[in-house]
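The next block holds one structure in the form of structure tokens; read it before the comments.
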Amino acid sequence: MSTVLRNRRSNMTSRKCCTDDFSTLPWRLRCMCIFSILLGTLFIVLLPIYFFVGFGLNVKGYSPLLVTHDKNKHDWKPECLKPAKMMSFSLVDCFPETELVTEEQCVNRGCCWTANSHESVLGSPCDKQQLTLVPKCFYPSNYGYHVSGKVTSFYEGFEIPLSRIPSPSRYGNDIRNLRVLVERQTFYRLRIKFYDPADQRYEVPDPQIPANPVFGFYSSNHRQASLYEITYKTTEVPFGIKVRRSNTGSIIFDTATAGFTFSNQFLQVTIKLPSHYIYGLQEDGRMVYRINQKKKTSTESSRFHPMYMCIEEKGDAHGVLLFNSNAMEVEVYSSPVLTFRTTGGVLDFYIFMGPSPENVVQQYTESVGRPWMPPYWALGLHVGLYPQEKNANLQETILELHRKQIPMDVAHFYVEFSSKDFNYSHLKNLHFVQLAKEIHQNHLKITLNLSPGILSGQPRGTNPAYDVGIERGVFINSSWGHQPLEGKNWRGKVVFPDFGNPITQRWWVKNIENLHKEIIFDGLWITDNIPANNVDGSVNGCFRDNLNHPPYIPARKRQLFDSTLCMDAWQLWGKARHQYYDLYNLYGHCMSKATAYAQKVLFENKRSFVVTEATSVGTGSYAGHWIQFNFSRWSDLKQALPIVFKFGLSGIPYVGIKLCGRNPIQEEDLWLRWFELGAFFPLFEICFTNDDLMYIFYWELSKGFVEVLRRVTELRYELLPFLYTLFHHAHTRGTTVVRSLVQEFPDHNATLRINTQFLWGSSLLFTPVMEKGVNEVKAFFPQGLWYDYFTGERLDIGENGQWKSLGTSLYNITRPVNLHLRGGQVVVNQVPANNTAFSRRNRMRLLVALDRSRTARGYLFLDDGETLDSYKSGDFLYIIFTVAQNKLVINAHQVKRAFLTDFDQVYFNHVTIYGLPALPPTVTINGGYSLSHRHLMWNSTFKVLQIQHIIIPVASVAGKTEISWQWN
């Protein structure tokens, strides 16, 4: 046999591989196989070297980590402003990576240096002080793009071709030719998009903002006058585009500043602001109400929405959204200018013209999605419980609340899975399942925690959710695109569902259904869905490519994949493949959307309940958000309210706090002040840790403490019909629920800087206490009449508004919070009960606060509190209250005459009117029934009329009911 083999080898070597003889074709195939094997071996050996040596990987058009220069660099010189002129220009930081930049580094980048030029300024000491706010290293005035061709016009828009001014590249691979797309989408909404016409770059896939002018551009067949004008100069270098408000001429959006950059992995644009008053952007509570410092701390996009609102000098408001999901930061300078920097995608701006702050939010939510409508029970008190803690007595905790007569609606269980996801079998010994049944029997709801990490690396059959997920390919894949990326959480190695994959969504629905079979829950809190990772990138690290190590890292982070996923991990969005680098800010949004859909399938015709940690543009259509504080200090207390305002601007009105942290509150007054504030946020939860039930101990030691807690909670429950109506308006009209004073009163200069008071809608003004040991608090009242909610005491405020001192007693049961009712408003309240299942059936009361013209208006929305899309199906009752000419008219609108609900048992039995000049001798209902003195109570001190002992059934007011009063 060996002889035969030697002969075959001899024959093989004597033949040529590349012969044209057809009979030798098998040998040619063998040669090709050998060549392929050798080539594959070289590829396998050299590719890791290519990655780890650090030459970079060109992914999706992204360049290696090289800083290139234009070929005409030697023809270009930076044009730097002289120090005396610097203060009149908007200068942009040319070295944002660090504040420790040197002159040599600055000059080598082709930028202008000013750190040593302050002494040469001629002018006042104020001028020299202002110059210290100028960046040390700033962009020259001849850096950016210029118009390079003919402007193309189309219906309601145009495009402008741009070319880059030859100059040194700061971060490599600058795009030479751009286009600016301008779309006049409506008379109040404008789109300005900078993009590369030669490359289909990544753009945000969700939400899908309508690109065509379809909203309200025409009304009654007549075109609405546009609220904006667009101007630009084709000869201007660098190029900039300006948007003006038509009626005032104010420039509200202006990109005509140096520093505009559009490269593969670094995009930067600076916008000149019309005033110093901007709102939004940050979640850390340091909202800049007036810019008076050099710049605001950089913020990464996974923690904020790239949308801001600006109040112009003449009182109008506009909003700007940068629709981009890559890693991002923003800086605000005192000029005032604002700089966006992002690591990819395109610069896609939407401008909302208002002109009122409420108009801005309505226009924004019309574009990205109206807020989700929470079920009625979600507005009650949530109580966080820990069933896995040693000696946890959950039933006793709930009973203690009941004994103290503190209303609650939701038991939120902080419980984690063990070795099997979506399974609570490890808690059966704790009687957890039986407790859940008892909770539902008592008309309470249950919510659970859920995080995206799925336990991996276990024997097959141990964790079915993982096994099925692997079979179906539902997890985010590593950079190779074939194996799931593994991270870590407290349980061990985990993989992360790819929620943009339609197969994953079906897998997620099935697992939510399995979880519901374990514990019948009513809603889910999603945690760690940034997604959070206890290792940087993955357990195997991340490749050293240009996605994981881009030329610029926003927010001065160490690396983009810190405590999250590798940037080159692969995800799906529908059928399109993207990398986490581009979807950086979308994971939490996509998980929230998938979880809301899973609950829709599970609950069928009932509303979902999802509260998410991570949010993005449009998340408010599917979920609410809670504010996470690791501590609950006095300083944290002051930060909470601006964050709630910010999320209201971003279209997420269902937001609030969890009054618990890693370190429990040890001060009774601090705990009460937190409670008095948080109880009037839309979402409010208190947590009970079982190692030290400090709250219970406090109640035993201080009766005043528990009485205040009870009264504050009862007050919240009294006002739930009004709060629920505000959410209906947010869901259908896009208005805000919790409102800053500037949102309602932008014409008052004082309101521009107030972040210590808030409104519910336009009617109720809250003034919380945020400082330790104070006996009074300063409150600003805008123009008009205001009434103390509890007594009816009237405040008549002039046109400039007025500051008032209000008492702040810690244990005031009759007046536990500072609450005032605005003149011209009608508010509905309801007798509270242990939970909303019972309070919804109680009698209702009307509070009528007359304005100076003795008129008022209010609304009430009623449905069964849980049916999905009840407004669309017509299963609701909507009541409008109007007061004019000494008459209260209750006008109800009911689409369907008969449907199942609680309010067929509800009636109005009490009407309180603030602001009458005197007791009217005659009060009648529907012009025929005259009320006796038994029905009337008059407070001559505060001029308050109470109409009592009446019965006006809510279900019977479909039509009109009138209460009138008159003087002879």
Side-chain angles (χ1 to χ4, degrees), residues 279 282-289 297 303-304 381-384 613 624-649 654-689 694-695 698 702 704-706 708-709 711-713 715-716 737-743 751 753-760 764-780 805-812 815-820:
Y279 306 83
Q282 286 195 231
E283 190 186 344
D284 59 7
R286 291 175 293 175
M287 232 170 133
V288 177
Y289 280 80
T297 304
R303 300 292 186 181
F304 83 112
L381 177 64
H382 298 240
V383 177
E613 180 176 356
H625 173 73
W626 87 89
I627 305 167
Q628 181 66 54
F629 287 107
N630 291 333
F631 301 92
S632 298
R633 302 162 297 195
W634 288 103
S635 57
D636 299 316
L637 183 63
K638 295 178 181 179
Q639 293 181 12
L641 190 51
I643 300 174
V644 172
F645 293 157
K646 176 261 175 189
F647 276 96
L649 290 179
Y654 189 76
V655 62
I657 62 172
K658 295 191 297 184
L659 186 47
C660 50
R662 294 175 183 173
N663 295 304
I665 302 173
Q666 301 296 334
E667 303 172 53
E668 186 170 328
D669 58 343
L670 177 58
W671 211 99
L672 280 177
R673 296 311 190 191
W674 265 107
F675 197 92
E676 291 166 0
L677 174 66
F680 300 102
F681 289 163
L683 168 63
F684 183 51
E685 175 179 311
I686 56 175
C687 301
F688 287 84
T689 58
M694 54 170 294
Y695 314 106
Y698 272 140
S702 174
F705 180 87
V706 68
V708 172
L709 259 59
R711 184 65 190 103
V712 169
T713 310
L715 178 58
R716 177 187 176 92
V737 175
V738 173
R739 217 170 274 182
S740 65
L741 266 68
V742 72
Q743 191 76 12
T751 65
R753 296 179 295 275
I754 294 175
N755 60 353
T756 55
Q757 294 174 267
F758 65 97
L759 294 151
W760 273 15
L764 294 174
L765 175 62
F766 294 84
T767 306
V769 179
M770 298 185 181
E771 295 182 3
K772 182 178 177 61
V774 297
N775 296 318
E776 63 179 24
V777 62
K778 292 287 186 180
F780 181 78
S805 295
L806 304 176
T808 62
S809 174
L810 193 61
Y811 300 111
N812 189 337
R815 197 172 179 276
V817 295
N818 289 307
L819 177 59
H820 289 81

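Counting only N and O atoms by type, the side chains of Lys778 and Ser805 include a donor and acceptor under 3.5 Å apart. A donor-acceptor pair shorter than 3.5 Å cannot be found between the side chains of Glu776 and Thr808. Under 3.5 Å, the side chains of Trp626 and Gln628 contain a donor-acceptor pair of N or O atoms.
Separating the CG atom in Leu741 from the OG1 atom in Thr756 is a distance of 8.5 Å, to the nearest 0.5 Å. With values rounded to the nearest 0.5 angstrom, Leu765 atom CG is found 9.0 Å from Asn818 atom CG. Here His382 contributes atom NE2 and Lys658 contributes atom NZ; the two are 12.0 Å apart, rounded to the nearest 0.5 Å. Note that CD1 of Ile643 is 9.0 Å distant from CG of Asp636, once rounded to the nearest 0.5 Å. The distance from the OG1 atom of Thr767 to the CG atom of Leu677 is 11.5 Å, given to the nearest 0.5 Å. Atom CG of Leu641 is separated from atom CD1 of Ile754 by 11.0 Å, given to the nearest 0.5 angstrom.
Using a distance-only test at 3.5 Å, with no hydrogens or angles considered, no donor-acceptor pair links the side chain of Arg711 to the main chain of Val706. Between the side chain of Arg739 and the backbone N or O of Trp760, no donor-acceptor pair lies under 3.5 Å. Checked by atom type and distance alone, the side chain of His625 never pairs as donor or acceptor with a backbone atom of Tyr654 at under 3.5 Å.
Here Phe680 and Phe758 keep their ring centres 6.0 angstrom or further from each other.
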**Asked** Where do Phe705 and Tyr811 land on the ring pair (Phe, Tyr, Trp, His ring centres under 6.0 Å) test, with the steps shown first?
**Response** CA-CA 7 Å; Phe705 180 87; Tyr811 300 111; 7.8 Å; no
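The closest side-chain heavy-atom distance from Leu637 to Arg673 is below 4.5 Å.
Residues passing the ring-ring contact (aromatic ring centres under 6.0 Å, His included) test with Phe780, sequence neighbours excluded: His748, Trp803.
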